[in-house]
Amino acid sequence: MVKVGIIGATGYAGNELVRLLLGHKDVEIVWLGSRSYIDQKYSDVYRNMFKLVDARCMDDNMEQLADEVDVIFTATPQGLCASLVNDEILSKVKIIDLSADFRLKNVDIYEKWYKLEHKSPQYIDEAVYGLCEINRDKVNNNTRIIANPGCYTTTSILTLYPLVKEGIINPDTIIIDAKSGTSGAGRGAKVANLFCEVNESMKAYGVGTHRHTPEIEEQLGYACGRDDLKLIFTPHLVPMNRGILVTAYANLAKDVTYEDVKAAYDKYYDKEYFVRVLPKDVCPETRWVEGSNFVDIGFKIEPRTNRIIAMGALDNLVKGAAGQAVQNMNLLFGFEENEGLKIAPMFP
Ligand SMILES: NC(=O)C1=CN([C@@H]2O[C@H](COP(=O)(O)OP(=O)(O)OC[C@H]3O[C@@H](n4cnc5c(N)ncnc54)[C@H](OP(=O)(O)O)[C@@H]3O)[C@@H](O)[C@H]2O)C=CC1
Ligand SMILES: CC(=O)N[C@@H](CCC(=O)OP(=O)(O)O)C(=O)O
């Protein structure tokens with residue numbers, strides 16, 4: 001059995017990790033890290049775990065944890081993982097970081113967009129950007145740090161990747177309009193996330209400044225061999241618990257039919273368990289992926305404007321966070337990639 005520790009187990013992404021790992025046949029959770037609930041029973045914090053998890057919450061002592069587990073998930077705010085990790089820890093244990101600390105390869109870009117000093121820039125190069133469908137070959141038993149991609153970025157990149165990679169669209173014309181449920185903002189109390197502030201309303205935020213913009217640019221830039229790609233990314237907060245919906249627009253770079261574009265998606269995703277390219281004219285909906293590790297993708301060619309509209313939906317806490325992290329763990333330890341993740345979406 002692989003022994004697992006979770007730092008940030010009491011957050012939304014951490015709780016989702018616990019839920020998924022309980023259903024994984026090859027792992028045992030031995031450390032539930034917290035900042036506010038140390039020594040309290042985990043199931044008192046999350047009653048969905050009543051009679052399922054008896055353990056009490058521990059602290060975030062990564063050095064001690066490294067002696068007790070094989071892999072540590074950090075489901076913590078930006079900057080925490082980078083401030084804890086060191087050579088000795090990495091010699092003992094693998095790290096799957098759900099925050100953005102090791103996602104961007106350029107530390108200056110990280111510090112500018114996150115307004116944080118990076119405490120471990122020496123590990124950025126070796127960290128693998130764990131978007132499994134694209135970087136699967138880079139994840140193996142020697143990998144020490146996984147930079148687990150987040151919800152908006154996973155949806156945006158997977159939705160657009162075949163179009164960019166196959167030169168179907170002009171990448172300089174990409175506009176991504178994204179919507180997120182409020183669990184994307186985490187469990188911490190914030191006025192902006194109170195029921196009356198969110199319910200029956202929708203709003204754009206981080207317009208022109210959202211920190212996921214450079215991450216999507218970097219990853220789609222790799223797909224088209226560019227390091228200067230710029231695009232527009234506008235997130236919106238919507239009154240639902242879970243889910244990300246991306247609607248992306250771009251100019252077509254060549255004459256293509258529906259079949260051409262479908263063939264491009266099939267080229268990359270036909271054998272992917274977690275990516276479902278929907279039938280013609282079917283648009284992805286967040287409710288059809290909820291609770292699962294699936295990403296649903298659809299597209300429509302718009303000949304009047306010579307554009308394509310590509311759409312993607314996933315569950316921010318699963319494929320957008322904990323599910324993807326478990327998928328990465330499976331690759332790290334040589335398990336079936338979908339072990340613990342063969343979960344049908346829930347509905348309603
Ligand atoms: N929510 C989402 O949809 C997604 C989240 N992520 C990423 O996952 C990470 C966690 O997000 P999320 O679960 O939403 O956040 P939450 O605010 O819900 O949870 C944060 C967790 O981190 C712990 N924590 C906070 N500060 C510290 C600290 N200084 N030391 C130790 N532990 C600390 C909290 O502990 P306690 O509760 O005990 O105070 C809690 O367990 C973030 O990096 C986020 O970007 C990625 C993709 C999607
Ligand atoms: C609704 C909401 O607030 N969403 C968060 C993003 C989700 C997240 O946790 O960010 P990562 O994907 O980078 O880990 C935000 O916009 O900051």
Side-chain angles (χ1 to χ4, degrees), residues 5-19 31-40 42 44-46 56-62 65 72-84 96-104 110 113-116 119 129-131 146-157 178-190 192-193 197-198 202-207 209-216 219 233-246 286 290 314-325:
I6 304 170
I7 299 182
T10 46
Y12 283 160
N15 182 243
E16 196 68 352
L17 273 169
V18 173
R19 183 176 77 91
W31 187 293
L32 296 161
S34 166
R35 178 193 48 173
S36 315
Y37 301 99
I38 298 169
D39 292 335
Q40 293 189 41
Y42 188 75
D44 285 345
V45 183
Y46 282 109
R56 290 181 184 275
C57 296
M58 314 278 277
D59 59 22
D60 63 353
N61 186 335
M62 198 187 260
L65 183 49
I72 299 172
F73 293 91
T74 46
T76 42
Q78 321 306 329
L80 190 77
C81 181
S83 74
L84 296 177
I96 301 177
D97 179 28
L98 279 74
S99 83
D101 288 359
F102 298 101
R103 292 181 194 156
L104 291 162
Y110 173 92
W113 286 79
Y114 284 82
K115 298 182 174 54
L116 273 179
K119 293 289 172 33
Y129 190 78
L131 192 51
I146 296 281
N148 199 64
C151 46
Y152 283 130
T153 47
T154 297
T155 328
S156 303
I157 297 162
K179 321 271 188 317
S180 174
T182 53
S183 63
R187 194 173 191 237
K190 295 167 211 121
N193 299 333
E197 308 286 329
V198 175
M202 281 211 281
K203 65 172 181 186
Y205 66 100
V207 178
T209 59
H210 196 279
R211 58 199 166 81
H212 290 159
T213 310
E215 188 179 327
I216 302 168
Q219 295 302 322
F233 168 73
T234 308
H236 299 71
L237 191 64
V238 300
M240 58 186 189
N241 286 346
R242 289 174 183 240
I244 298 278
L245 180 71
V246 156
T286 55
E290 194 169 336
L314 55 68
D315 185 322
N316 53 297
L317 291 175
V318 190
K319 182 60 175 167
Q324 183 135 268

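Every heavy atom of this structure was used, including side-chain atoms; hydrogens, water molecules and symmetry mates were not. These numbers come from a predicted model, not from an experiment. Ligands are counted one by one from 1 in listed order, and the atoms in each one are counted from 1 as well. Positions are given from 1 along the sequence.
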Practice problem: Identify, by atom number and element, the atoms of ligand 2 in contact range of Leu237, meaning under 4.0 Å from any of its heavy atoms. | Solution: 1 (C)

Quiz item: So, for Ala325 and Leu17, which heavy atoms are closest and what is the spacing to 0.1 Å?
Solution: CB-CD2, 4.1 Å

Exercise. Nearest 0.5 Å please: distance from the CZ atom of Arg103 over to the NE2 atom of His212.
Key: 5.5 Å

Quiz item: In Å and rounded to the nearest 0.5 Å, what is the CD1 to CG distance from Ile38 to Asp60?
Solution: 7.0 Å

Quiz item: What part of Thr10 sits under 4.0 Å from ligand 1 if we count only heavy atoms: the side chain, the backbone, both or neither?
Solution: both

Quiz item: Does one side chain, of Ser183 or Asn241, offer a donor that lies under 3.5 Å from an acceptor on the other?
Solution: no

Quiz item: Where does Ser180 meet ligand 1, judged by heavy-atom distances below 4.0 Å: at the side chain, the backbone, both, or neither?
Solution: neither

Quiz item: By number and element, which atoms of ligand 2 are closer than 4.0 Å to a non-hydrogen atom of Cys151?
Solution: 7 (C), 12 (O)

Exercise. Report the nearest protein non-hydrogen atom to atom 32 (N) of ligand 1: residue, atom name, distance rounded to 0.1 Å.
Key: Arg35 CB, 3.7 Å

Quiz prompt | For atom 2 (C) of ligand 2, closest protein heavy-atom neighbour | solution = Tyr205 OH, 3.1 Å

Quiz prompt | Side chains of Glu290 and Met240 in contact at under 4.5 Å (non-hydrogen atoms) | solution = no

Quiz item: Who's the nearest protein heavy-atom neighbour of atom 15 (O) of ligand 1, and how far?
Solution: Gly186 CA, 3.9 Å

Quiz prompt | Closest protein heavy atom to atom 13 (O) of ligand 2, given as residue, atom name and distance to 0.1 Å | solution = His212 NE2, 2.4 Å

Quiz item: Do Thr76 and Leu84 have side-chain heavy atoms sitting under 4.5 Å apart?
Solution: no

Quiz item: Will you find, in the side chains of Glu215 and Tyr129, an N or O donor that is under 3.5 Å from an N or O acceptor?
Solution: yes

Quiz item: Are any of the side-chain heavy atoms of Leu32 and Val18 separated by less than 4.5 Å?
Solution: yes

Practice problem: From the options Ala189, Cys57, Gly11, select the one whose nearest heavy atom is closest to atom 40 (C) of ligand 1. | Solution: Gly11

Quiz item: So which protein heavy atom does atom 42 (C) of ligand 1 come closest to, and at what separation?
Solution: Thr76 O, 3.2 Å

Quiz prompt | Gap separating the CG atom of Leu80 from the CG atom of Asp101, nearest 0.5 angstrom | solution = 8.0 Å

Exercise. Nearest heavy atom to atom 9 (O) of ligand 2 wins, so pick from Gly320, Gly11, Gly184.
Key: Gly184

Quiz item: Between Ala321, Gly206, Gly150, which one has a non-hydrogen atom sitting closest to atom 12 (O) of ligand 2?
Solution: Gly150

Exercise. Measure Arg103 to ligand 2 on non-hydrogen atoms and call it side chain, backbone, both or neither using the 4.0 Å cut-off.
Key: side chain

Quiz item: Are the side chains of His236 and Met202 in touch, meaning some heavy atoms are under 4.5 Å apart?
Solution: no

Practice problem: Please work out whether any backbone atom (N, CA, C, O) or any side-chain heavy atom from C-beta onward of Leu98 is under 4.0 Å from ligand 2, and answer side chain, backbone, both or neither. | Solution: backbone

Quiz item: Considering only the protein, which heavy-atom contact is closest to atom 17 (O) of ligand 2, and what is its distance?
Solution: Arg211 NH2, 2.6 Å

Quiz item: When you measure from atom 38 (O) of ligand 1 to every protein heavy atom, which one gives the shortest distance, and what is it?
Solution: Ser34 OG, 2.5 Å

Quiz item: Thr153 and Gln219: side-chain donor and acceptor closer than 3.5 Å?
Solution: no

Quiz item: What atoms of ligand 1 come closer than 4.0 angstrom to any heavy atom of Pro77?
Solution: 22 (O), 24 (N), 25 (C), 26 (N)

Quiz item: For ligand 1, which atoms have a heavy atom of Ser99 less than 4.0 angstrom away?
Solution: 43 (O)

Quiz item: Does Arg211 reach ligand 1 with a nitrogen or oxygen that is under 3.5 Å from one of the ligand's nitrogen or oxygen atoms?
Solution: no

Self-check item: Closest approach of any protein heavy atom to atom 47 (C) of ligand 1, naming residue and atom
Solution: Gly320 O, 3.0 Å

Quiz item: Just going by heavy-atom distances, which of Ile38, Asp60, Asp101 is nearest to atom 31 (C) of ligand 1?
Solution: Asp60

Quiz prompt | Mutual orientation of the aromatic rings belonging to Tyr205 and Tyr152 [parallel < 30°, tilted 30-60°, perpendicular > 60°] | solution = tilted

Quiz prompt | Numbered atoms of ligand 2 (with element) below 4.0 Å of His210, judged on heavy atoms | solution = 15 (C), 16 (O), 17 (O)

Practice problem: Mark up the atoms of ligand 1 that fall under 4.0 Å of a heavy atom belonging to Ser183, in ascending order. | Solution: 1 (N), 2 (C), 3 (O)

Quiz item: Is there side-chain contact between Val318 and Arg19, with at least one heavy-atom pair below 4.5 Å?
Solution: yes

Quiz item: Can you tell me the protein heavy atom closest to atom 7 (C) of ligand 1 and the distance?
Solution: Leu98 O, 3.3 Å

Quiz item: Is there side-chain contact between Met62 and Thr74, with at least one heavy-atom pair below 4.5 Å?
Solution: yes

Practice problem: Please examine the side chains of Thr10 and Tyr42, heavy atoms only from C-beta on, and report whether any two atoms are closer than 4.5 Å. | Solution: yes

Practice problem: Pick one of side chain, backbone, both or neither for how Leu80 approaches ligand 1, counting any non-hydrogen atom pair under 4.0 Å. | Solution: side chain

Practice problem: Answer side chain, backbone, both or neither: which part of Ser180 comes under 4.0 Å from ligand 2, heavy atoms only. | Solution: side chain

Practice problem: Can you measure from CG (Leu317) to CD1 (Ile244) and round to the nearest 0.5 angstrom? | Solution: 9.0 Å

Exercise. Pick whichever of Ala13, Gly8, Ala9, Ala325 has a heavy atom sitting closest to atom 13 (O) of ligand 1.
Key: Ala13

Quiz item: Does any N or O atom in Leu317 lie less than 3.5 angstrom from one in ligand 1, N or O only?
Solution: no

Practice problem: Return yes or no for this condition: an N or O of Tyr12 is under 3.5 Å from an N or O of ligand 1. | Solution: yes

Quiz prompt | atom 3 (O) of ligand 1 - nearest protein heavy atom and its distance | solution = Asn316 ND2, 2.8 Å

Quiz item: Considering only heavy atoms of Cys151, which atoms of ligand 1 have at least one such atom less than 4.0 Å away?
Solution: 47 (C), 48 (C)

Quiz item: Is the Lys NZ or Arg CZ of Arg187 less than 6.0 Å from the centre of Tyr46's six-membered ring, within 45° of the axis?
Solution: yes

Exercise. State the atoms of ligand 2, each with its element, that fall below the 4.0 Å cut-off from a heavy-atom position in Tyr152.
Key: 16 (O)

Practice problem: Identify, by atom number and element, the atoms of ligand 1 in contact range of Arg187, meaning under 4.0 Å from any of its heavy atoms. | Solution: 16 (P), 17 (O), 18 (O)

Exercise. Evaluate the side-chain proximity of Asn148 to Phe102: yes if any heavy-atom separation is below 4.5 Å, no if none is.
Key: no

Quiz item: Got the closest protein heavy atom to atom 4 (C) of ligand 1, with its distance?
Solution: Ala321 CB, 4.2 Å

Quiz item: Near Gly188, which atoms of ligand 1 are under 4.0 Å from a heavy atom of that residue?
Solution: 17 (O)

Exercise. Supply the atom-to-atom distance Leu98 CG to Gln78 CD, rounded to the nearest 0.5 angstrom.
Key: 10.0 Å

Quiz item: Say you draw a straight line from CG of Asn193 to OG1 of Thr182; how long is it, rounded to the nearest 0.5 Å?
Solution: 6.5 Å

